[in-house]
A.B. asks: 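If you scroll down you'll find the structure; I have some questions about it.
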Amino acid sequence: MAHDLPKAYDPTAIEDHWAAYWVREKLFAVETPAANPTSGREAASGSSAQPAFVILLPPPNVTGRLHMGHMLNQTEIDILTRWWRMSGRRALWLPGTDHAGIATQMMVERQLAEEGSSRQQLGREKFVERVWEWKRHYGGAILEQMKRLGVSVDWSREYFTMDEPRSLAVREAFVRLYEQGLIYRGAYIVNWCPRCQTAISDLEVVYDEHKGHLWEIRYPVLGDGGTETGEFITVATTRPETMLGDTAVAVHPEDARYPLHGKNLRLPLMNREIPIVVDPWVSPEFGTGAVKVTPAHDPNDFALGERHHLPSINVMDETAHINTAGGAYAGLDRYAARKKIVHDLEAQGLLAGVKDYTYNVGHCDRCKTVVEPRLSTQWFVAVNKKAESRGASLAELAIAAVKPDADGKKAIRFTPEMYEKTYLNWMENIHDWCISRQLWWGHRIPAWHCAACGKITVARENPLACAHCGSEKITQETDVLDTWFSSGLLPVSVFGWPKITPETRADFDAFYPTNLLVTGFDILFFWVARMIMLGCWFAGDVPLADGRPRPLADSVPFREVYIHALVRDANREKMSKTKGNVIDPIEIVKKYGTDAVRFTLASMASPGTDIAFNVARTEGYRAFANKIWNAARFIFMNVDKAAEVGIKVDASALGSMPTVTEDAPLEARWIVAELHATAAKVNESLENYRFDDAANIIYQFFWGSFCDWYLEIVKLRLDFSDSSDKTKTRDALTTLVSVFEAALRLLSPFMPFITEELWYAVYDGSPPAKSIALTKYPTANKNQMDGHVRNQMTYLADLIIETRAYRKDRQVPENELVDLYLVGLGGYGKAGSSFESADNVIVENEVVIKKLAKVATITETLLGDPNYEHLSWRPTRLTDIAISYGKPIDVAAERERLTRDIAKYERGLAAAERQLNNDAFLRKAPPQVVEGLRKQESETRTLLDKARAALAALPQDSKP
RNA sequence: GGGCGGUUAGCUCAGUUGGUUAGAGCGCCUGCCUUACAAGCAGGAGGUCGCAGGUUCGAGCCCUGCACUGCCCA
């Protein structure tokens with residue numbers, strides 16, 4: 001074995017090496033099963049008969065840098081993927097990046113600005129080429145960071161949302177939806193970002209509370225002949241500049257204050273006549289009960305305008321400056337216009353009042369500019385429209401995929417379950433999806449406008465002529481598609497859809513639907529919901545491998561969704577660049593090691609709650625890695641010592657789950673039982689996405705059980721002297737190494753680096769597989785989870801702990817031995833009690849007790865033996881103990897301790913008795929609960945009696 | 001305005017269908033360089049589970065109300 005490990009674990013010394021090795025050896029590549037079914041390649045692919053575990057990486061933006069959210073996401077996916085792979089599944093994890101329309105375009109535009117240029121100067125074609133260039137140079141840095149983290153993805157299947165296969169999928173999806181009548185183009189109010197100069201979807205608008213003003217403006221009422229009557233209607237608005245585009249004022253039909261139906265008003269500043277319309281949508285309670293109507297700049301007003309056939313006057317350009325429709329205000333920025341308009345109204349005596357008013361203002365998710373609702377012509381997906389071919393709408397299908405059917409079955413299951421409700425609530429109230437963006441970087445919409453007939457041609461192949469009139473004067477639509485349109489197609493497009501060649505067909509059959517999606521709730525609607533809509537829709541057209549039509553349950557893009565939380569800083573604040581509290585995972589990784597950071601995230605990943613990332617935890621898990629490292633050093637040291645005297649570990653015991661025979665020493669039987677129990681709990685936890693439980697259980701096993709107890713005891717069995725029993729020593733060593741080896745496998749999905757390194761060392765650099773990641777994950781055998789052995793060990797450990805504590809209270813120096821006396825075992829050693837063979841445990845493990853509790857001799861006495869009455873006896877839950885030590889006891893301290901114990905016992909006893917005296921309890925509670933309480937009561941009573949006696953027996957002064 | 005969470009030790013968090021005396025890590029206190037590990041070992045202190053009611057033999061867990069707090073949607 002390579003046994004010259006340094007004393008302290010240095011993750012940086014090994015992690016780069018293994019990260020590169022895993023990529024270089026293509027360890028996690030999964031071949032397309034049918035393409036090469038008899039491949040002998042030694043990868044995780046295994047045989048095609050194995051069930052698959054398929055998962056997509058939520059594609060980070062191609063401009064992205066790794067942040068803690070990514071790291072949490074990838075840690076969770078990697079743990080599950082490694083776990084399933086080791087559990088015998090063909091585990092396929094597909095990586096890739098998203099072209100991220102607005103974000104990437106912004107990045108390159110900024111670069112151009114620094115050069116004193118702009119995209120307009122460059123022109124569309126050159127600009128797009130420039131972005132590709134940027135992408136080749138700087139894009140995908142995040143994937144390199146991922147490699148450093150050791151994620152077990154199949155790099156041979158890397159995708160990019162604008163590569164050729166994905167572009168093909170986008171075009172096919174668009175054309176198909178258009179043909180099905182589910183994509184339309186029209187003029188509607190959209191959220192417009194004046195900085196990005198594009199429309200954005202409802203989801204890309206984030207709302208912030210804003211302290212602004214509510215201006216009340218008086219609109220003069222006109223009488224017959226168009227003269228002002230001297231009456232006014234007062235309207236209120238937070239955006240006075242939009243009044244330039246007002247085309248009506250609306251009131252509720254039953255509002256008695258306004259018997260003015262059919263009358264006109266004079267729109268101030270513009271001097272335009274506008275009608276008063278009545279509409280039940282107007283709330284009479286709000287403000288004055290009269291609202292100005294600006295159909296071109298407010299979605300509600302737009303709908304109202306449609307109902308009343310009002311004209312729409314767009315008064316702002318793409319940059320939110322007033323356009324020529326704004327008369328005297330043309331050319332002013334929206335806020336300058338607002339100021340001037342308020343000023344002018346006041347000057348004309350038409351400003352009725354100004355109130356402070358707090359309301360929500362929408363900002364562009366990308367650049368935080370205040371969004372302007374604005375009438376413009378855009379492309380939409382009609383998500384609620386039934387397609388004849390399906391008899392359902394996109395949304396209906398996406399609802400059916402998540403809602404339990406008549407048998408309570410769900411095609412897609414959410415964890416935590418509450419997200420199912422959130423999803424359904426959104427999907428049931430979904431609006432049409434604005435998919436066009438006025439950007440240059442993205443999938444250009446495959447539609448051509450005809451200059452001759454004005455109609456639109458949508459086609460899979462670039463057309464040469466208008467499909468309607470044959471004119472060749474056609475130009476392609478300049479808009480591109482929403483980024484999420486292409487990422488929403490990924491579950492089908494990564495497996496070759498829509499191109500169904502024999503090869504991609506095999507991929508699709510083998511890997512679609514994916515098993516799981518792991519992502520944050522922040523993209524539940526952006527991405528998860530869209531994948532469900534588009535996945536169900538398009539996969540539904542692909543028959544199953546045997547030719548049968550594909551049911552909904554197999555059309556879904558994934559069968560399960562696990563939603564994780566946000567990573568916040570240690571004070572639960574959202575990490576943000578402006579706050580300066582961003583924790584860079586790469587920096588933390590460099591400092592503490594990838595394994596420690598991964599373990600931190602896993603151990604804190606409780607479903608439903610955000611993670612307050614605390615480096616103190618990471619420090620703790622670096623210490624954990626160091627602990628394992630040193631356990632390995634200890635083990636290897638002994639393996640080497642053994643080799644010198646010709647003792648070798650039984651190699652056949654490695655690589656599976658260790659077992660022990662009945663005659664093995666207690667600690668060996670116990671640690672094997674613990675290992676099996678731990679494996680059982682870890683597997684169960686991972687099945688339920690309880691990364692935190694799984695991590696904590698392994699931590700407790702490795703540190704609390706294996707190191708603290710087992711290693712300390714096994715030291716006594718590793719006797720390499722001439723007089724030793726070689727067989728026993730070899731068995732002890734074999735159990736030691738095989739349990740450690742299995743524990744490494746158990747830990748490996750969580751801490752892949754250190755486990756790889758030490759696993760190689762266990763096999764002296766020549767392990768039976770290329771990586772620990774390709775070995776078998778430990779599973780429990782119930783026969784090896786011996787509860788009796790675990791009780792015996794608990795007894796032994798408790799006795800040692802009690803003795804240590806008593807030594808401490810007596811202020812015995814650490815390195816001095818004492819004589820230990822025991823009494824009262826009778827109550828615990830009896831058949832049927834948990835500590836049935838307690839006496840045997842003491843006899844058989846005398847040497848253990850002596851070593852771990854620093855005891856010279858152990859004497860068992862009978863209760864009340866006068867020979868030992870002079871000692872200071874301490875009652876414990878197990879047995880009374882006393883130690884003989886030259887120094888007097890601290891009577892005051894002992895009295896205080898006993899008094900505290902007595903109070904505690906009295907409280908416990910009173911509580912137990914209250915219940916046991918309650919007939920209803922005895923009648924209704926399950927027998928084992930009653931029995932348990934009886935036992936507890938009697939034990940507590942015994943302890944109480946003994947503690948009282950001990951207190952009474954305390955001398956006025958001290959005795960030994 | 002509608003909806004969904006959270007409130008447990010100094011801090012960050014577990015606590016599965018209600019069941020015996022509520023756990024972990026970090027921090028804190030005390031003592032130890034015990035031959036794998038001071039990134040360690042040993043021992044210890046620390047909680048009326050946000051508040052008030054209710055259901056129940058029994059409530060951290062279920063119900064109602066309140067307070068504080070976070071998020072999503074409009």
Side-chain angles (χ1 to χ4, degrees), chain A residues 5 7-10 202-203 206-207 360 416 418-419 421-422 425-426 429 521-522 524-525 565-566 568 570-572 574 592 596 600 603-606 608-638 684-685 688 690 692-693 695-697 699-700 703-704 707-708 711-712 715 800-809 811-815 851-854 877 897 900 904-905 907-909 911-912 914-926 928-937 939-940 943:
Chain A
L5 303 181
K7 186 169 168 182
Y9 173 55
D10 177 12
D202 294 346
L203 281 176
V206 288
Y207 291 91
N360 286 325
M418 73 167 176
Y419 286 107
K421 222 190 293 179
T422 310
N425 186 47
W426 186 78
N429 296 292
F521 63 80
D522 49 333
L524 179 61
F525 306 137
L566 241 55
R568 296 167 176 276
N571 302 316
R572 312 210 111 267
K574 220 173 190 163
Y592 300 101
T600 307
S603 70
M604 298 186 83
S606 307
T609 46
D610 286 346
I611 293 177
F613 192 90
N614 197 338
V615 289
R617 288 284 288 258
T618 311
E619 276 177 39
Y621 293 124
R622 177 184 58 177
F624 178 50
N626 189 55
K627 188 79 182 172
I628 295 163
W629 185 261
N630 279 287
R633 289 180 64 225
F634 169 79
I635 292 166
F636 297 152
M637 188 184 85
N638 281 286
E684 193 199 334
S685 299
N688 297 311
R690 290 307 303 258
D692 55 336
D693 284 348
N696 292 333
I697 290 160
Y699 181 94
Q700 170 54 32
W703 199 320
C707 292
D708 284 351
L711 281 189
E712 291 306 320
K715 280 175 183 175
I800 291 166
I801 289 167
E802 294 285 8
T803 308
R804 282 169 175 168
Y806 195 26
R807 285 172 53 103
K808 200 85 163 181
D809 286 346
Q811 295 177 310
V812 180
E814 292 277 337
N815 45 13
K851 175 80 189 307
L852 298 193
K854 305 245 170 62
R877 204 162 61 83
R897 206 187 58 80
R900 207 168 47 228
K904 189 175 73 187
Y905 296 145
R907 274 199 308 276
L909 197 59
R914 196 165 22 199
Q915 289 225 67
L916 286 169
N917 291 336
N918 186 334
D919 275 349
F921 172 71
L922 298 175
R923 221 169 38 242
K924 293 182 182 177
Q928 72 272 20
V929 172
V930 176
E931 194 43 51
L933 195 63
R934 283 227 167 86
K935 196 170 154 192
Q936 180 208 325
E937 188 228 7
E939 287 185 10
T940 307
L943 280 171

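Here is how names work: the chains are called A, B, and so on, in the same order as the sequence lines, proteins then strands, and each is numbered from 1.
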A.B. asks: Could you state the atom-to-atom distance from CZ of A:Arg807 to C1' of B:C32 in whole Å?
C.D. replies: 11 Å

A.B. asks: Return no unless some side-chain N or O of A:Lys627 is found under 4.0 Å from OP1 or OP2 of B:C41.
C.D. replies: yes

A.B. asks: What distance, rounded to whole Å, do you find between the two P atoms, one in B:G6 and one in B:C63?
C.D. replies: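 Looking at atom P only, B:G6 and B:C63 are 11 Å apart.
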
A.B. asks: Nearest whole Å is fine: how far is B:G15 C1' from A:Met604 CE?
C.D. replies: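 Going from A:Met604 (CE) to B:G15 (C1'), I get 16 Å.
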
A.B. asks: Can you tell me how far C1' of B:A39 sits from CD1 of A:Ile628, to the nearest Å?
C.D. replies: 12 Å

A.B. asks: B:C4 phosphate, OP1 or OP2: any side-chain N/O from A:Trp426 under 4.0 angstrom?
C.D. replies: no

A.B. asks: Just checking A:Ile635: base, sugar-phosphate only, or nothing, at a heavy-atom cut-off of under 4.0 Å?
C.D. replies: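 No contact.
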
A.B. asks: Within the structure, does a side-chain N or O atom of A:Arg617 lie under 4.0 Å from either OP1 or OP2 of B:G25?
C.D. replies: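 A:Arg617 to B:G25 OP1/OP2: no side-chain N or O under 4.0 Å.
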
A.B. asks: Check the orientation of A:Tyr9 and A:Trp629. Use parallel for under 30°, tilted for 30 to 60°, and perpendicular for over 60°.
C.D. replies: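 Rings of A:Tyr9 and A:Trp629: tilted, as their planes differ by 30° to 60°.
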
A.B. asks: The test is side-chain contact (heavy atoms from CB on, under 4.5 Å); show your working for A:Asp692 and A:Met604 and say whether it passes.
C.D. replies: CA-CA 6 Å; A:Asp692 55 336; A:Met604 298 186 83; over 6 Å; no

A.B. asks: Taking the six-membered ring of A:Tyr699, is the NZ or CZ of A:Lys627 close enough (under 6.0 Å from the centre) and on axis enough (within 45°)?
C.D. replies: no

A.B. asks: Determine the Euclidean distance between corresponding P atoms of B:A39 and B:C26; express it in Å to zero decimal places.
C.D. replies: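 Rounded to whole Å, the distance is 13 Å.
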
A.B. asks: Say we look at B:G40 and B:C51: how far apart would their C1' atoms be, to the nearest angstrom?
C.D. replies: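 That atom pair is separated by 44 Å.
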
A.B. asks: Closer than 3.5 angstrom, by distance alone: can the side chain of A:Arg807 be matched with the main-chain N or O of A:Pro813 as a donor-acceptor pair?
C.D. replies: yes

A.B. asks: Dot-bracket for RNA chain B: what is it, with Watson-Crick or G-U pairs under 3.5 Å, [ ] where a pair crosses earlier ones, and | for a pair to another strand?
C.D. replies: (((((((..((((.....[...)))).(((((.......))))).....(((((..]....)))))))))))).

A.B. asks: What is the distance from CH2 of A:Trp629 to C1' of B:G40, rounded to the nearest Å?
C.D. replies: 17 Å

A.B. asks: Name the nucleic acid region contacted by A:Ala616, choosing base, sugar-phosphate or nothing; use a 4.0 angstrom heavy-atom cut-off, strictly under.
C.D. replies: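 Contact class for A:Ala616: sugar-phosphate only.
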
A.B. asks: Let's go through A:Lys854 and A:Thr803 carefully: what are the C-alpha distance in whole Å and the side-chain angles of both, what is the deciding distance for side-chain contact (heavy atoms from CB on, under 4.5 Å) to 0.1 Å, and is it a yes or a no?
C.D. replies: CA-CA 9 Å; A:Lys854 305 245 170 62; A:Thr803 308; over 6 Å; no

A.B. asks: Is there a side-chain contact between A:Leu933 and A:Phe921 in this structure, where contact means two heavy atoms from C-beta onward sitting under 4.5 Å apart?
C.D. replies: yes

A.B. asks: Rounding to the closest angstrom, what is the interatomic distance between B:U48 and B:C11 at atom P?
C.D. replies: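 Here B:U48 and B:C11 have their P atoms 13 Å from each other.
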
A.B. asks: Quick check for you: among B:G58, B:G25, B:A36, whose closest atom lies nearest to any side-chain atom of A:Gln915?
C.D. replies: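 Nearest to the side chain of A:Gln915 among the choices is B:G58.
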
A.B. asks: For B:G47 and B:G10, measure between their C1' atoms and round to the nearest Å.
C.D. replies: 11 Å

A.B. asks: Are the charged groups of A:Glu814 and A:Arg804 less than 4.0 angstrom apart, N to O?
C.D. replies: no

A.B. asks: Which value, in whole Å, describes the distance between the C1' atoms of nucleotides B:G23 and B:C49?
C.D. replies: 12 Å

A.B. asks: Would you classify A:Asp708 as touching base, sugar-phosphate or nothing, given that sugar-phosphate means primed atoms plus P, OP1 and OP2, and contacts are heavy atoms under 4.0 Å?
C.D. replies: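 Sugar-phosphate contact only.
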
A.B. asks: Between A:Arg622 and B:C37, is there a side-chain N or O to OP1/OP2 distance below 4.0 Å?
C.D. replies: no

A.B. asks: Could you give the CD1-to-P distance, from A:Ile697 to B:G25, as a whole number of Å?
C.D. replies: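 So the CD1-P distance, A:Ile697 to B:G25, works out to 14 Å.
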
A.B. asks: Report which part of the nucleic acid A:Tyr9 touches: base, sugar-phosphate, or nothing (heavy-atom distance under 4.0 Å, all strands).
C.D. replies: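 Touches a base.
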
A.B. asks: Let me know, please, whether A:Ala632 or A:Gln700 comes out on the 5' side of the other along RNA chain B by nearest nucleotide.
C.D. replies: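 Per heavy-atom nearest nucleotide, the more 5' residue is A:Gln700.
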
A.B. asks: Between A:Asn626 and A:Ala8, is there a donor-acceptor pair closer than 3.5 Å when you use the side chain of the first and the backbone of the second?
C.D. replies: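 No, because the side chain of A:Asn626 does not come within donor-acceptor range (under 3.5 Å) of the backbone of A:Ala8.
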
A.B. asks: Compare every heavy atom of A:Leu909 with every heavy atom of A:Glu937, then report the nearest pair and how far apart it is.
C.D. replies: O-CD1, 3.5 Å

A.B. asks: Look at the side chain of A:Asn918 and the backbone N and O of A:Ala920, then say whether any donor-acceptor pair between them is shorter than 3.5 Å.
C.D. replies: yes

A.B. asks: Measure from the side-chain heavy atoms of A:Phe921 and tell me the nearest of B:C72, B:G19, B:G44.
C.D. replies: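 The nucleotide sitting nearest to the side chain is B:G19.
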
A.B. asks: Separation of A:Asp522 atom CG from B:G70 atom P, in whole Å?
C.D. replies: 19 Å

A.B. asks: How is A:Arg690 classified with respect to the nucleic acid when contacts are heavy atoms under 4.0 Å: base, sugar-phosphate, or nothing?
C.D. replies: sugar-phosphate

A.B. asks: Applying a 4.0 Å non-hydrogen cut-off, can you work out what A:Thr940 is touching in the nucleic acid: base, sugar-phosphate, or nothing?
C.D. replies: base

A.B. asks: Can you tell me how far C1' of B:U34 sits from NZ of A:Lys808, to the nearest Å?
C.D. replies: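 Atom-to-atom, A:Lys808 to B:U34, this comes out as 12 Å.
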
A.B. asks: When all nucleic acid strands are considered with a 4.0 Å heavy-atom cut-off, which category describes A:Asn918: base, sugar-phosphate, or nothing?
C.D. replies: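 Touches sugar-phosphate only.
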
A.B. asks: Would you say A:Lys7 reaches B:A38's phosphate, i.e. side-chain N/O to OP1/OP2 under 4.0 Å?
C.D. replies: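 Yes, A:Lys7 has a side-chain N/O under 4.0 Å of OP1/OP2 on B:A38.
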
A.B. asks: Looking at A:Lys715, does any N or O in its side chain come under 4.0 Å of the phosphate oxygens OP1/OP2 on B:A36?
C.D. replies: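 The answer is yes; a side-chain N or O of A:Lys715 sits under 4.0 Å from OP1 or OP2.
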
A.B. asks: Picking from B:G43, B:C41, B:G19, which would you name as closest to the side chain of A:Arg804?
C.D. replies: B:G43

A.B. asks: NA contact type, A:Ala925, heavy-atom cut-off 4.0 Å: base, sugar-phosphate, or nothing?
C.D. replies: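 If one applies the 4.0 Å heavy-atom cut-off, A:Ala925 turns out to touch a base.
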
A.B. asks: With the side chain of A:Pro926 defined as its heavy atoms from C-beta on, choose the nearest nucleotide among B:G19, B:A36, B:A14.
C.D. replies: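 That would be B:G19.
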
A.B. asks: For B:G44 versus B:C62, give the span between their C1' atoms, rounded off to a whole number of Å.
C.D. replies: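 Comparing C1' positions in B:G44 and B:C62 gives a spacing of 37 Å.
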
A.B. asks: Taking atom C1' in both B:U8 and B:C61, what distance in whole Å separates the two?
C.D. replies: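 It works out to 12 Å between them.
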
A.B. asks: Rounded to the nearest angstrom, tell me the gap between atom CD in A:Glu814 and atom P in B:U35.
C.D. replies: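 Whole-Å distance recorded here is 13 Å.
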
A.B. asks: Can you work out whether A:Glu712 or A:Asp693 has the more 5'-proximal nearest nucleotide on RNA chain B?
C.D. replies: A:Asp693

